[in-house]
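Before any comments, here is the structure.
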Amino acid sequence: MAADPAAAPGPAGARALYHAVADAGSLGRFGEEIEAGNPSGWPGYEEQLRWARNAAGAQHAVTTGVATVAGEPCVIVGFDFSFLGGSLGVAEGARIARAFAVATAKRLPIVCVAASGGSRMQEGTSALVQMQVVAAAIAGARQAGIPHIAVAGDPTTGGVWSSLVAGADVLIGVPGARVSFSGSRTRPAGADPESADYLADGKWARGSVDVLSPAHRLRGEVAAIVRLLSPQSRGDIPDGAPLPAWPAGPDGEGSPGEGGPGEGASGEGGPGEGGPGEGTPGEGTPGEGTPGEGTPGEGGPGEDAWAQVIGARSPRRARADRWLAGYFEQTFDIRGDRCGGVDAGLRCGFGRRDGGTIAYIAQTGQRTTPAGFRTATRLLALATRLGRPVLTLIDTPGAAAAPSDEAAGVGTAIAELFIAVASCQVPITSVVIGEGVSGGALALASPTDLWMARDGYLAVTAPELAASILKLPADEVPQVAARLRLTPAELMSRGIIRGIVRPPAASAG
């Protein structure tokens with residue numbers, strides 16, 4: 001938590017990094033009147049402050065104000081390393097708290113651009129407790145639905161990293177920046193100073209940083225996130241995420257987004273068109289999900305369930321990337337569980353659709369790891385705070401089950417995601433777009449608004465595993481698949497799913 005006097009300014013040099021983020025001439029400062037004292041009576045501290053003000057051309061190590069980033073309005077908190085190592089003292093804590101209060105009052109996102117060694121030694125414990133001041137300011141903004149974006153410059157260590165920056169909703173790191181709780185003079189003896197674990201790159205690799213961006217690209221990266229999350233631009237979507245259309249491509253007909261939301265789906269109306277339980281599953285014209293009619297997998301109960309499973313496993317089938325590309329005009333992925341883990345087979349983030357921002361969680365056909373389930377839980381918490389509806393795309397052969405996954409707490413991670421979905425205060429729309437195997441799939445499913453793509457299935461476990469559990473021979477796997485009643489028509493007939501998403505040509509009957 002101490003400011004690191006051994007850390008030299010990063011690549012931004014004498015010019016503070018926040019100037020690379022805020023539009024030139026846009027910053028309207030506030031908080032300049034806040035005075036720095038000498039709470040510990042540190043000898044010569046007043047002279048050090050005078051020297052720092054002259055060196056940095058600033059009143060404090062932190063500058064606060066209202067600014068624009070590529071034209072997007074926000075509140076900026078910018079650190080200047082040339083002012084006593086960008087250290088956090090009482091005056092800086094007061095300015096940060098003021099910034100969060102202004103952001104809340106003006107309904108603007110807050111962007112914190114750090115270059116700091118941590119807490120200021122000369123102010124002793126009075127500087128240390130500024131971590132609590134910062135935490136209270138963040139808590140107030142979270143309760144008000146204000147997004148908090150942070151940039152970790154070089155260096156970002158100690159109490160600034162472990163309160164203001166690491167607590168951000170979205171975190172951008174500058175490649176090569178020193179980002180860690182411990183500074184270079186407070187690490188254990190023998191610690192490798194070149195270890196990636198002390199750098200932004202290592203934090204990104206282990207899921208504590210969402211994006212790596214060089215300084216010259218920061219403005220564009222921050223602006224894209226602000227545009228998606230700001231109360232000024234994220235839009236109002238009261239009825240939940242619209243049902244996605246069948247994606248375009250070699251295995252499907254039509255183009256993404258053809259027709260209105262929900263077109264190409266059979267069964268009940270789309271999200272917001274009647275609550276679960278309204279209408280009769282399969283109602284409509286022939287070919288719109290009536291059992292016994294339509295394409296394979298949508299016929300009578302038990303019709304060729306094994307073929308349904310094989311089709312869901314086809315490498316030609318559209319995966320989540322194509323569904324998301326057809327659904328959103330712009331997307332931004334968050335990365336990692338903030339606990340040291342990343343699941344490359346799961347996408348979580350926010351996207352723009354028809355002027356509004358929707359959150360998404362999408363499995364990409366891989367087994368989901370404990371880090372993936374925790375990242376999904378993180379996304380749901382963030383979507384709830386920001387009042388964003390959620391779209392989940394389900395496609396997995398199941399949860400990862402290696403010894404390392406058990407050691408990482410896969411069962412606990414699944415349980416916490418189930419609870420997060422059950423208690424979520426924003427609407428969740430879910431579509432099984434491929435394989436939906438066991439709790440690793442169901443954990444992402446809305447209990448009240450679950451749909452299925454024509455090629456999907458949902459089962460208590462894979463048919464091969466069910467046969468093994470029941471000690472049945474391998475040649476009985478197709479019959480086991482039929483008995484699991486896993487096809488879209490079977491699931492709709494029992495009220496487990498609301499309807500089936502199909503290509504536009506198929507929905508035309």
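A quick note: this is a predicted structure, and the numbers were derived from the prediction, not measured.
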> About how many Å separate SG of Cys74 and CG of Leu108, when rounded to the nearest 0.5 Å?
Replying inline: 7.5 Å
> Under 4.5 Å between any side-chain heavy atoms of Leu465 and Val437, yes or no?
Replying inline: no
> Any salt bridge between Glu329 and Arg352, counting N to O under 4.0 Å?
Replying inline: no
> If only atom types and distance count, is the side chain of Thr375 paired as donor or acceptor with the main-chain N or O of Gly336 below 3.5 Å?
Replying inline: yes
> Under 3.5 Å, is there a donor-acceptor pair between the side chain of Ser230 and the main chain of Gln232?
Replying inline: yes
> Is the backbone of Thr396 close enough, under 3.5 Å, to the side chain of Arg367 for a donor and an acceptor to pair up by distance?
Replying inline: no
> Does the side chain of Ser446 come under 3.5 Å of the side chain of Ser430 through a donor N or O and an acceptor N or O?
Replying inline: no
> For the atom pair CG (Asp304) and CD1 (Ile310), what is the distance rounded to the nearest 0.5 Å?
Replying inline: 10.0 Å
> Between Phe350 and Asp333, does a side chain to side chain contact (heavy atoms under 4.5 Å, CB included) hold up when you go through it step by step?
Replying inline: CA-CA 7 Å; Phe350 295 89; Asp333 284 9; over 6 Å; no
>> Under the criterion side chain to side chain contact (heavy atoms under 4.5 Å, CB included), I'd like the reasoning laid out for Val77 against Val111: C-alpha separation, chi angles, the key distance, then a yes or no.
In response: CA-CA 6 Å; Val77 173; Val111 177; over 6 Å; no
>> Within the structure provided, determine whether Arg378 and Cys348 are in side-chain contact (heavy-atom separation under 4.5 Å).
In response: no
> If you look at every heavy atom in Ile358 and Pro242, which pair is closest and at what distance?
Replying inline: CD1-CD, 3.8 Å
> Would you say the side chain of Arg502 lies within less than 4.5 Å of the side chain of Met452, judging by non-hydrogen atoms?
Replying inline: no
> Is the side chain of Arg353 donor-acceptor paired with the backbone N or O of Tyr327 at a distance under 3.5 Å, no angle test?
Replying inline: yes
>> Are more than 12 heavy atoms, taken from residues, nucleotides or ligands other than Arg206, located less than 6.0 Å from that residue's CZ atom?
In response: no
>> Does any part of the side chain of Val309, heavy atoms only, come nearer than 4.5 Å to the side chain of Leu486, both counted from C-beta?
In response: yes
>> Run Thr357 and Arg227 through side chain to side chain donor-acceptor pair (under 3.5 Å) and show every step you take.
In response: CA-CA 9 Å; Thr357 297; Arg227 198 171 294 119; over 6 Å; no
> Are Asp449 and Arg498 close enough for a salt bridge, meaning some N to O gap below 4.0 Å?
Replying inline: yes
> Would you call Asp197 and Lys203 a salt bridge, taking side-chain N to carboxylate O under 4.0 Å as the test?
Replying inline: no
>> Side chains of Phe373 and Glu416, heavy atoms from C-beta outward: is any pair under 4.5 Å?
In response: no
>> Would you compute the distance between atom CZ of Arg142 and atom CG of Leu386 and round it to the nearest 0.5 angstrom?
In response: 10.5 Å
>> If you take the centroid of each ring, where Trp contributes its six-membered ring, are Tyr360 and Phe328 closer together than 6.0 Å?
In response: yes
>> Distance check, rounded to the nearest 0.5 Å: Tyr198 atom OH versus Thr157 atom OG1?
In response: 12.0 Å
> Hey, which of Gln308, Glu435, Glu490 is the one that makes side-chain hydrogen bond (donor to acceptor under 3.5 Å, both in side chains) with Tyr457?
Replying inline: Glu435
> Nearest heavy-atom pair of Pro370 and Ala413: which atoms, and what distance?
Replying inline: O-CB, 3.7 Å
> With side chains defined as the heavy atoms from C-beta onward, is the minimum distance between Pro447 and Val421 less than 4.5 Å?
Replying inline: yes
> Do Val211 and Leu171 have side chains that get closer than 4.5 Å, going by heavy atoms?
Replying inline: no
> For the side chain of Thr156 and the backbone of Ser116, is there at least one donor-acceptor N/O pair under 3.5 Å apart?
Replying inline: no
>> Minimum heavy-atom separation for Leu391 and Pro244, please, with both atom names.
In response: CD1-CD, 4.0 Å
> How close do Ile414 and Gly439 get, heavy atom to heavy atom, and via which atoms?
Replying inline: CG2-O, 4.2 Å
> Mind checking what makes side-chain contact (heavy atoms from CB on, under 4.5 Å) contact with Ala144, not counting sequence neighbours?
Replying inline: Thr104, Arg107, Ile146
> CE/Met131 to OG/Ser162 distance, rounded to the nearest 0.5 angstrom?
Replying inline: 3.5 Å
> Which heavy-atom pair separates Ala467 from Val477 by the least distance, and what is that distance?
Replying inline: CB-CG2, 4.0 Å
>> Assess whether a salt bridge exists between Arg338 and Asp210, defined as any Lys/Arg side-chain N lying under 4.0 Å from an Asp/Glu carboxylate O.
In response: yes
>> With a 3.5 Å distance limit and no angle check, can you tell me whether Ser468 reaches the backbone of Glu464 through a side-chain donor-acceptor pair?
In response: no
> CD of Gln479 to CH2 of Trp306: how many Å apart, nearest 0.5 Å?
Replying inline: 10.5 Å
> Sequence neighbours excluded, which residues qualify as ring pair (Phe, Tyr, Trp, His ring centres under 6.0 Å) partners of Trp161?
Replying inline: none
>> Using the side-chain hydrogen bond (donor to acceptor under 3.5 Å, both in side chains) definition, which of the options Thr369, Asp343, Thr412, Asp337 pairs with Arg374?
In response: Asp337
>> Go through it in stages, so that I can follow the logic: the residues are Val431 and Ile394, the test is side chain to side chain contact (heavy atoms under 4.5 Å, CB included), and I'd like the CA-CA distance, side-chain angles, deciding distance and then a yes or no.
In response: CA-CA 6 Å; Val431 184; Ile394 298 165; over 6 Å; no
>> Give me each pair satisfying salt bridge (Lys or Arg N to Asp or Glu O under 4.0 Å) with a member in residues 379-407, each pair once, sequence neighbours excluded.
In response: Asp169-Arg385, Arg317-Asp395, Arg319-Asp395
> Between Ala168 and Ala150, what is the shortest heavy-atom contact and its length?
Replying inline: CB-CB, 3.5 Å
>> Does Leu164 form a side chain to side chain contact (heavy atoms under 4.5 Å, CB included) with His148? I'd like the steps, not just the answer.
In response: CA-CA 9 Å; Leu164 180 66; His148 173 197; 4.1 Å; yes
>> Do Gln363 and Thr368 pair up side chain to side chain, a donor and an acceptor below 3.5 Å, judged on atom types alone?
In response: yes
>> Has Thr364 got a side-chain atom pairing as donor or acceptor with Gly345's backbone, closer than 3.5 angstrom?
In response: yes
> Is the count of non-hydrogen atoms from other residues, nucleotides or ligands lying under 6.0 Å from Trp323 atom CH2 greater than 12?
Replying inline: yes
>> Treating Thr429 as the side-chain partner and Ala241 as the backbone partner, does any N or O pair qualify as donor plus acceptor under 3.5 Å?
In response: yes
> Do Thr331 and Arg347 touch side chain to side chain, with heavy atoms closer than 4.5 Å?
Replying inline: yes
